[in-house]
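Report on the following structure.
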2 protein chains.
Amino acid sequence: MKKEKIAPVCEVEIVDEKKVAQAQKKIADTDQVLEMAEIFKLLGEPTRLKIVLSLINSELCVCDLAAAVDSNVSTVSHQLRLLRNARLVKYRKDGKMVFYSIDDKHINDAIEKIKEHTEE
Amino acid sequence: MKKEKIAPVCEVEIVDEKKVAQAQKKIADTDQVLEMAEIFKLLGEPTRLKIVLSLINSELCVCDLAAAVDSNVSTVSHQLRLLRNARLVKYRKDGKMVFYSIDDKHINDAIEKIKEHTEE
DNA sequence: ATAACATTTGCACATATGTGCAAATGTAAT
DNA sequence: ATTACATTTGCACATATGTGCAAATGTTAT
């Protein structure tokens with residue numbers, strides 16, 4: 001007589017409980033994990049990464065930024081908003097122009113966060 | 001008499017050509033930029049980031065990985081494929097089980113790449 | 001007030017993508 | 001050969017998201 005398939009897919013069972021517990025410790029702080037993911041995600045899009053890289057040496061206005069990354073002002077402005085919200089870039093207004101630059105503090109914080117997790 | 005609007009949006013004109021050229025230099029190597037973005041994107045998704053963080057201390061089989069990141073085997077396997085393709089993780093087969101671990105070489109390469117761009 | 005122009009934003013659309021079910025694959029044991 | 005089980009994969013679906021046009025906003029100058 002055939003036995004019923006009880007667990008068609010490994011779903012509930014754990015093979016090495018210790019290792020699993022150890023792994024879970026690494027990702028226990030959900031907020032921090034999500035924050036890290038958010039930063040990675042922002043840098044994980046070519047246009048946004050180009051923007052950030054372009055700003056490493058000097059501040060640029062939106063217009064020049066669009067030229068540098070070979071896109072258009074609207075698209076760049078949309079992406080700048082996301083980078084601004086995450087504090088990866090900051091801005092300075094001068095008349096009609098707006099100059100964006102890297103928010104060193106937050107970028108460095110982000111890098112620190114990465115290192116913490118990879119260097120222990 | 002009203003003048004015609006010639007440039008309703010700053011599109012073609014460049015304000016500071018020097019700075020733009022300098023910025024373009026930073027992103028001249030398109031392949032490298034895309035490769036960096038690809039790595040960031042992979043780490044920019046909570047499930048995948050959790051997987052990578054879980055693997056920092058020790059290798060885990062797919063089943064335990066699913067338990068650790070509180071997901072299911074199918075989803076984790078899908079994401080592992082992406083991480084595998086990018087060489088962020090490697091694997092070792094043992095009977096029916098497959099143990100995944102961080103591909104230190106490539107992770108370190110990735111971190112180096114980030115540092116290069118941010119520390120000059 | 002009107003014009004010019006840099007930037008932002010609302011909207012819509014096409015595309016990418018994370019997810020999980022169900023089936024397939026692969027492996028070990030009986 | 002058959003059973004059991006870990007993993008992978010094909011598929012479909014819901015959702016997220018990058019993009020650019022057109023309009024709105026804000027600022028300077030005439």
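Naming convention: chains lettered A, B, ... in sequence-line order (proteins, then strands); numbering from 1 in each chain. It should be emphasised that the depicted structure is a prediction, and the values quoted were computed from it without experimental measurement.
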Sugar-phosphate only, base, or nothing, as touched by Tyr100(B) at under 4.0 Å among non-hydrogen atoms: sugar-phosphate
Integer-rounded Å distance: dT8(D) P and Lys93(B) NZ: 8 Å
Nearest to side-chain heavy atoms of Ser77(A), which nucleotide of dT7(C), dT8(D), dT8(C): dT8(C)
Donor-acceptor contact present, side-chain Asp94(B) to main-chain Met97(B), <3.5 Å: no
Leu43(A) CG - dT17(D) P separation (whole Å): 15 Å
Nearest-nucleotide pick for Lys41(A), side chain only, options being dT8(C), dA16(D), dA6(D): dA16(D)
Interatomic distance where CG belongs to Asn72(B) and P belongs to dC5(D) [whole Å]: 19 Å
Can you give me the N/O atom pairs linking the protein to nucleotides 10-12 of chain D at distances under 3.5 Å, or say none if there are none?
residue, atom, partner, partner atom, Å
dG10(D), O6, His78(B), NE2, 2.9

From dG18(D), dT9(D), dA4(D), nucleotide with atom closest to Glu45(A) side chain: dG18(D)
Gap between atoms CE and C1', on Met97(B) and dA28(C) respectively (whole Å): 13 Å
Close side-chain approach of Arg81(A) and Ser77(A), heavy atoms under 4.5 Å: no
The single option from Lys90(B), Lys93(B), Arg92(B) passing salt bridge (charged side-chain N to carboxylate O under 4.0 Å, His left out) against Glu59(B): Arg92(B)
Minimum-distance nucleotide (side-chain atoms of Arg48(A) versus dT8(D), dG18(D), dT7(D)): dG18(D)
Among dT19(D), dT7(C), dC5(D), the one nearest Gln79(A) by side-chain distance: dT19(D)
Separation of atom CG in Leu83(A) from atom C1' in dT8(C), rounded to whole Å: 15 Å
Straight-line distance of Asp104(A) CG to Ile111(A) CD1, nearest 0.5 Å: 9.5 Å
Could you list the donor-acceptor pairs under 3.5 angstrom formed by side chains in residues 28-49 of chain A, with sequence neighbours left out?
residue, atom, partner, partner atom, Å
Asp29(A), OD1, Asp31(A), N, 3.4
Asp29(A), OD1, Gln32(A), N, 3.2
Glu35(A), OE1, Lys113(A), NZ, 3.4
Glu35(A), OE2, Lys113(A), NZ, 2.9
Glu45(A), OE1, Thr47(A), N, 3.2
Glu45(A), OE1, Arg48(A), N, 3.2
Arg48(A), NE, Leu42(A), O, 2.8
Arg48(A), NH1, Gln79(A), OE1, 3.0
Arg48(A), NH2, Lys41(A), O, 3.3

d(CZ, Arg81(B); C1', dT19(C)) in whole Å: 13 Å
Atom-to-atom span, CG of Asp94(A) to P of dT28(D) - whole angstrom: 8 Å
Glu13(A) CD to dA4(D) P, straight-line distance once rounded to whole Å: 14 Å
Shortest side-chain distance from Lys96(B), nucleotide among dT27(C), dG18(D), dT7(D): dT27(C)
Minimal non-hydrogen separation, Asp16(B) against Asp64(A), with atom names: N-OD2, 2.8 Å
Residue whose closest nucleotide on DNA chain C lies nearer the 5' end, Thr75(A) versus Thr47(B): Thr75(A)
Side chain proximity check, Asp103(A) to Ile107(A), heavy atoms < 4.5 angstrom: no
Options dT7(D), dG18(C), dT9(C), nucleotide nearest the side-chain atoms of Val62(B): dT7(D)
